[in-house]
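Throughout, a chain's letter reflects where its sequence line sits, starting with A, and its residues are numbered from 1. Bear in mind the structure is a predicted one, so any value in this text is a computation, not a measurement.
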Amino acid sequence: MKRVLLLSSLAVAGRAQQTAMDPAGAPARSIAHLGLFFLALLTAIYIVVITFALLPLMRRHRGIDQEPLEGNHRPSDATETRMAKRIGLATVATILILFGLITVSVSTSKATSGSPPRPDSLVVEITATQWWWSVRYANNDASRIVMAANEMHIPVGRPVMIRGTSTDVIHSFWVPNLQGKRDLIPSRTNIDWIQADRPGRYRGQCAEFCGLQHAHMALWVVAEPPDRFEEWYSRQLQPAADPADPVRQRGQQVFMDYACVLCHTIQGTQAAGQVGPDLTHLASRLTIAAGTLPNNKGNLAGWITDPQSIKPGNHMATVPIRPEDMQPLLEYLESLQ
Amino acid sequence: MYLRCLRNLHSYRLLSAGLCLLAFSACQREKRELRPSPTRLVVFSDAARQSDIQPGGRQSQPVVANPSHGSAYEISEGARLYDWYNCSGCHAGGGGGMGPPLIKTDWIYGGEPANIFDTIVKGRPNGMPAWGNRIPEYQVWQLVSYVRSLNNLEPTSATPARTDTIQQDTAGLRPRPTGVASSGVTK
Amino acid sequence: MNPVLETAERNEPFGNLEPEAIDKTWRDERGLKGWLSVTTHQAIGKRYIVTAFMFLLLGGLEALLMRLQLSSPENTFLGPGRYNQLFTVHGTTMMFLFAVPVMEGMGVYFVPLMLGTRNVAFPRLNAFGYWMYLAGGLLFYGAALTNTAPDAGWFAYPPLSGPQYSPGKGVDVWAQMITFTEISALCVAVELIATILRMRAPGMSLNRMPLFCWGMLVQSFMVLFAMPAVMVASTVMLLNDRTIGTHFVNPAEGGDPLLYQHIFWFFGHPEVYIIFIPALGMVSAIMEGSTRRGVFGYPAVVLSLVANAFVAFGLWVHHMFATGLPQIGEAYFTAASMMIAITSGVIIFCWIATLWTGRIHLTAALHFVFGFIVIFVLGGMTGVMLASVPLNLQAHDSYFVVGHFHYVLIGGALFPLFGAFHYWFPKFTGRMIDERLGKIAFWILFFGFNLTFFPMHIVGLNGMTRRIYTYPEIVGWQNMNLLATAGAFTILLGGIVFIANVLTSRKSGAPAGNDPWEAGTLEWATSSPPANYNFVHLPFINSRYPLWAGKADRGFVTGMRSDRREVLVTSVLDAEPHHRYVLPGSTIWPFVTAAGLSVGLVGSIFAFSGYFVASALGMIGVIGWFWPREPLEMKP
Amino acid sequence: MVLAARTPGDEAVTTPRVLDVSGLPAYDISSRSPLWLGQLLMCLIEGSLFLILIAMYFYLRLSVDVWPPPGVQLPNLILPTLALIPLIASCAGSYLASEAAKMNDRRGMLVGMALNLVLAIVFLVLRTVEWYGLNFTWKADVHGSIVWSILFLHTYDVVADLIMTTVLVVLVASGRYGEKQRLGVHVDSVLWYFLVAIWLPLYAVVYWGSHVVGAPQ
């Protein structure tokens, strides 16, 4: 078992960060420590119990050799009393251990769930929809609100309060390196908090079955040092600039002429659809289609041309874009930094 | 013992006949083609112009089969698009508003699938925009099926009993038999 | 042939000993009509078991397809639609069409034998229950074959399963199939409770009842209280929301999807114990037969079984920790969930004491019991981890949970069941099962099982969520998934060995005799396989293990009439004879009733008026069922 | 019938022991019959069904501020309360019939069951009137859904039991009955008592619920 564990952790090292066994922040670390404590204690108990269960297979441990053999066996009263005492002891031990486990568990629960421990936390509203995530950085100043999709950047060392809900079915927000999961339920808002203590990219995924593309509903949490985060944040506040380049201008026109504009928003343009992800800063994202494909031009072209072959059943319309329109459109989208 | 009895029953034949029947009734309803075929991706770029030559009145239409007819999945997609493309902005949940009602109504431009298809694609005078130049054919048919399902023109087995929204009509509330006016019962 | 009979003939001339007459009275009719009319508990028990095994095979094949799909990242073997249907059908089949019915089948077959009576208390209800179960299974798979399989998961959470997000009839079929199996489960529960409380052999006071019967009694009571909850969840809430537009799960009109979860898990958690408690009874029976002693600490085991049942109804919320509930509730449900470990622990300790102090006869059946302990205790340990809220929030809905519940369900129910097949095979067929092949099958299954499900714990903690039809390469889950897929095929191999063993042993195994294991309980006091009437003379007993107690401590009941299906009704606690009771004969009406009801219930998927058709046809069936035909006045 | 546990090694009995039960009655029309127990278990099943519905009612009530929802008129209390009188009285009919069944008193059984049926039908008529007076259906909102579900399921059970009672009346009146059918009459009364008893909390919830735990808009 140890070796398997080791092997699996080796397999993970250097790959995408999506594991509860390598916590990157305070809440996840408390949970991982609790888990290790449970694991160690329960493994020890397991070994003891199984040893006792298997020992009788070796004859010398049966402890009844002195007693006469019959068609059916009736151990002496002394043996039975001895066994009863041992069982009583084992039961008492079980109760005590469980009591301890409950105490540890409840105190960890208090420390890791609910509202974040510090009042200066960042507040991020996550809205899950079949099958992508809308991310909104709440702010009392309306001009400081940032909309993003399928990717959130957080500053290292600062707790981030998550207020999550859903627009359709139940989803669940789970970034295992940072925190346990929290269901996002339509007409309810659930609160949780995450924190990253070291920079990195952590992959999260919807954890509650939500229909056809449950498998392709991932998001990335990018933890950055505070100054890098602020830089990112101020960039995200900017609306999309009007393209200067004629090809990109043509691309913008293509976007507005086809059905794209019905569903997507690009701030700074007339595109204000609320149905699909906000594309104002599409090109700055790591992935497209909720973590399904790396964000590059080829993938974007494939995704626009035939989304149903990449993510069957998703709600992006298959829009027949004429070949001569495709290149400008891609150029334009690639310019949305 | 089981097999012997099945043989006695001739149930193989019975069972397969039953299954065929079920399959027949299920195939259209449960059809779910996630990837529209290329032929159904047409957008009608000249739709707006065409609509000008057919102002008002009911047109006789060639019978065109609605490829989405009776498919539960396509009707539900239609419902989604109805909301997403903001049909509800004018027609509300079907009861009408800025635009004419779509439920239990005499269709101004005809209620056959082909009529509704035309209305969506080409638009109509007095406010109905032409959508044909934006949305592909397969989505138009999904909308057609949904709109028809509002009037029970699609099989009820393929139509959901309700949506996860506030009830648009007051169908659930009825006046007391004593004659209390139903207007007193508003939601 | 029958030891009871032989002893009787040798020692004492009984007044009214007429085995031929009894045989004539209890014989089933021949032909198709007779086959449909059977009310003998052994026949119906066997039908349950055979049918349930067919569904186990189907469910297993579905699992193999899923494992193939997951064996490599970005696999395109199955699309998302097909995969979602597969895991929904797999889960539903295993829970509703295999696990519960097979336990019921074992109960229906063995409880009357172990209690020393001739049939269950309501034989026609028993037949009716089986037909409903079969109809439900046929409906479900008939729909699945015509592409109307549900795809919202086996617990069908709304809104996903609701009218808006699950178009088509798949979820309706799912919800109504539950009604069929639940009617069947309730029928069995009612008749088993009545049989156990009222028809035990004279002298078999409750504290002398075999532990398997205790398990079935506890399980039946749990069915009684749990099944109405799933009926409310699946039919009243979900199906009515989908077909006639009620608003139970519509948040916009005051409904609440979480209410569905509460009610579903108020059933769903006890469901696990409904499957697992009879298995505890089987383990106890195998252990007694293979260690030649009674289970140590019988009263403690019984009390723990009962306590388990009570606690099981108080911890459903641990399936819902991630939904965001008040913290005080979380603490309570954590404590309640961990309490199960105490009562289960006591049972395990008692078994270990039994093994330590008994004379172990290492049969194939006992292999499965040891396999059960090794696997189930591990599942229990991960269960304790899942009871802790923070750990649960990490592990919930990940493959860790998938691993956990397969350890609990396969380890806790399927291994005991396989053990029970090996142990009771002689009673079913009159022949011994091949021990060597049985042990080979065990080792393959045991190895394959761990290979399949142990890696799931690891890959789950590495972030792999449940119910995804594929995963990207970058997350690094492929090795563990490949191992699991290899394990799944190993399990298939084990299953093939087991089936081959059953088929060959049934034909050519060594003749078994009445009591090949020299076990102590009453099912071994009669011939293998038992005659329709179980015992020529009903036994009466004076100890927990009458076959070990010597002739002085058991005897025979005389004075029962052989020309009608008479059984003896005894008192609830001490099993003192109270009166004789005539069971109804075989009839086709339960089949007719079930058929009528099924037609209506299938119709109700499409229109609410189907319920009225079901009620009318069902009522006609029930009237035919109860219409008096036999001689009306009973002579003593 | 002495079957008290003998201590192991009690040598008083040496020959195979025989328990002669030919003297025991061949039928027993009382709560000792397995059928009676079966009926009780049926009642337990339905009881837990209705308890879950009641729990649902309060859960749904607690998750909103306005109850019943706007537009729903508070139910009339007089008619359903009056309807309790024939309902409870009908138990007397059931009781008469079940006692008569024990004595094999054909006339008593018929009178009792007829009384039960007539009073129950009066109750059903009153319920229909009251039900028709409700100004909402199951489609209106979740309040309508839960109230209609409770009313429907209880009415359904009542009607089903009355049909079985009618069948028993026909059997007894036509003379096609024996111990088994008399046991049926006895056991039928158990279900009826249950249906009457479970209606009391359901009545309180359905009719008093929105008055007592309600909150106006």
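- For Y83(C), no part lies under 4.5 angstrom from a heavy atom of chain A.
- The greatest number of non-hydrogen atom pairs below 4.5 Å with chain C, out of H216(A), K110(A), K311(A), R188(A), is found for R188(A).
- Contact record, I31(A) with L391(C): O-CD2, 3.5 Å, taken as the closest heavy-atom pair.
- For F376(C), no part lies under 4.5 angstrom from a heavy atom of chain A.
- When every heavy atom of I352(C) is checked against every heavy atom of F52(A), the shortest pair comes out as CG2-O, 3.7 Å.
- The candidate from G81(C), A152(C), G520(C) with the greatest count of non-hydrogen atom pairs under 4.5 Å with chain A is A152(C).
- Of the atoms belonging to T94(A), it is side-chain heavy atoms, and not backbone ones, that fall under 4.5 Å from chain C.
- Only the backbone of Q179(A) comes within contact range of chain C, with at least one heavy atom under 4.5 Å from a heavy atom of that chain.
- Contact count versus chain A (heavy atoms, under 4.5 Å) is highest, among L258(C), N392(C), D151(C), L362(C), for L258(C).
- When each of T108(A), T112(A), L34(A) is checked for heavy-atom pairs under 4.5 Å with chain C, L34(A) comes out on top.
- For D168(A), the parts lying under 4.5 angstrom from a heavy atom of chain C are both the backbone and the side chain.
- Contact of the Q18(A) side chain with the I474(C) side chain is not registered, since no non-hydrogen atoms from C-beta on lie closer than 4.5 Å.
- Side-chain N or O atoms of K181(A) include one that pairs as donor or acceptor with a backbone N or O of H396(C) at under 3.5 Å.
- The minimum heavy-atom distance linking L212(A) with P80(C) is given by the pair O-CB, 3.2 Å.
- Here the straight-line distance linking atom OH of Y157(C) with atom CG of D183(A) works out to 7.5 Å at 0.5 Å rounding.
- Q130(A) places a side-chain heavy atom less than 4.5 Å from the side chain of L160(C).
- Only the side chain of D256(C) comes within contact range of chain A, judged by heavy atoms closer than 4.5 Å.
- Proximity to chain A (any heavy atom under 4.5 Å) is restricted, for E74(C), to the side chain, taken from C-beta onward.
- No side-chain heavy atom of F296(C) sits less than 4.5 Å from a side-chain heavy atom of P75(A).
- Using a 4.5 Å cut-off between heavy atoms, R467(C) contacts chain A through both its backbone and its side chain.
- Both the backbone and the side chain of I373(C) come within less than 4.5 Å of a heavy atom in chain A.
- Heavy-atom distances place the side chain of E330(C), and not its backbone, under 4.5 Å from chain A.
- Looking at Q394(C), its side chain does come within 3.5 Å of a backbone N or O of P176(A) through a donor-acceptor pair.
- Atom CZ of R182(A) is separated from atom CZ of F321(C) by 11.0 Å, given to the nearest 0.5 angstrom.
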**OP:** For V169(A) and Q164(C), run side-chain contact (heavy atoms from CB on, under 4.5 Å): C-alpha distance rounded to whole Å, both residues' side-chain angles, the deciding distance at 0.1 Å, then the answer.
**Re:** CA-CA 10 Å; V169(A) 303; Q164(C) 186 164 342; over 6 Å; no
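- Pairing each heavy atom of N190(A) with each of A322(C), the nearest pair is ND2-O, 4.4 Å.
- Of all heavy-atom pairs between I468(C) and Q205(A), the closest is CG2-NE2, 3.9 Å.
- The part of V106(A) that comes within reach of chain C is its side chain, from C-beta onward, which places non-hydrogen atoms under 4.5 angstrom from that chain.
- Among all heavy-atom pairs drawn from V377(C) and Y46(A), the shortest one is CG1-CD1, 3.6 Å.
- If you take CD1 on I170(A) and OG on S161(C), they are separated by 9.0 Å, rounding to the nearest 0.5 Å.
- With a threshold of 4.5 angstrom between heavy atoms, I102(A) approaches chain C through its backbone and through its side chain.
- Against chain C, the residues from residues 83-90 of chain A that qualify, each with a non-hydrogen atom under 4.5 angstrom away, are M83(A), A84(A), I87(A), A90(A) in number order.
- Separation of atoms CD1 (I95(A)) and CE (M338(C)) is listed at 14.0 Å; rounding is to 0.5 Å.
- Within the model, atoms CD1 of I50(A) and CG of L378(C) stand 8.0 Å from one another, a figure rounded to the nearest 0.5 Å.
- In this structure, the side chain of D397(C) does not engage the main chain of F209(A) through any donor-acceptor pair within 3.5 Å.
- Between Q17(A) atom CD and N462(C) atom CG the span is 10.0 Å, to the nearest 0.5 Å.
- Only the side chain of Q261(C) comes within less than 4.5 Å of a heavy atom of chain A; its backbone N, CA, C and O stay farther away.
- In R29(A), the CZ atom is crowded: over 12 heavy atoms of neighbouring residues, nucleotides or ligands sit closer than 6.0 Å.
- When side chains are defined from C-beta on, S30(A) does not count as touching P390(C), because their heavy atoms never get closer than 4.5 Å.
- Heavy atoms of L366(C) lying under 4.5 Å from chain A are absent altogether.
- Using a 4.5 Å cut-off between heavy atoms, Y469(C) touches chain A through backbone and side chain atoms alike.
- Within the 4.5 angstrom heavy-atom criterion, only side-chain atoms of I185(A), from C-beta onward, approach chain C.
- Contact count against chain A (heavy-atom pairs under 4.5 Å) is highest for V384(C) among T334(C), V389(C), V384(C).
- Options A53(A), S187(A), A32(A) differ in how many heavy-atom pairs under 4.5 Å they form with chain C, and the most are formed by A53(A).
- When heavy atoms are compared at a cutoff of 4.5 Å, A300(C) does not approach chain A at all.
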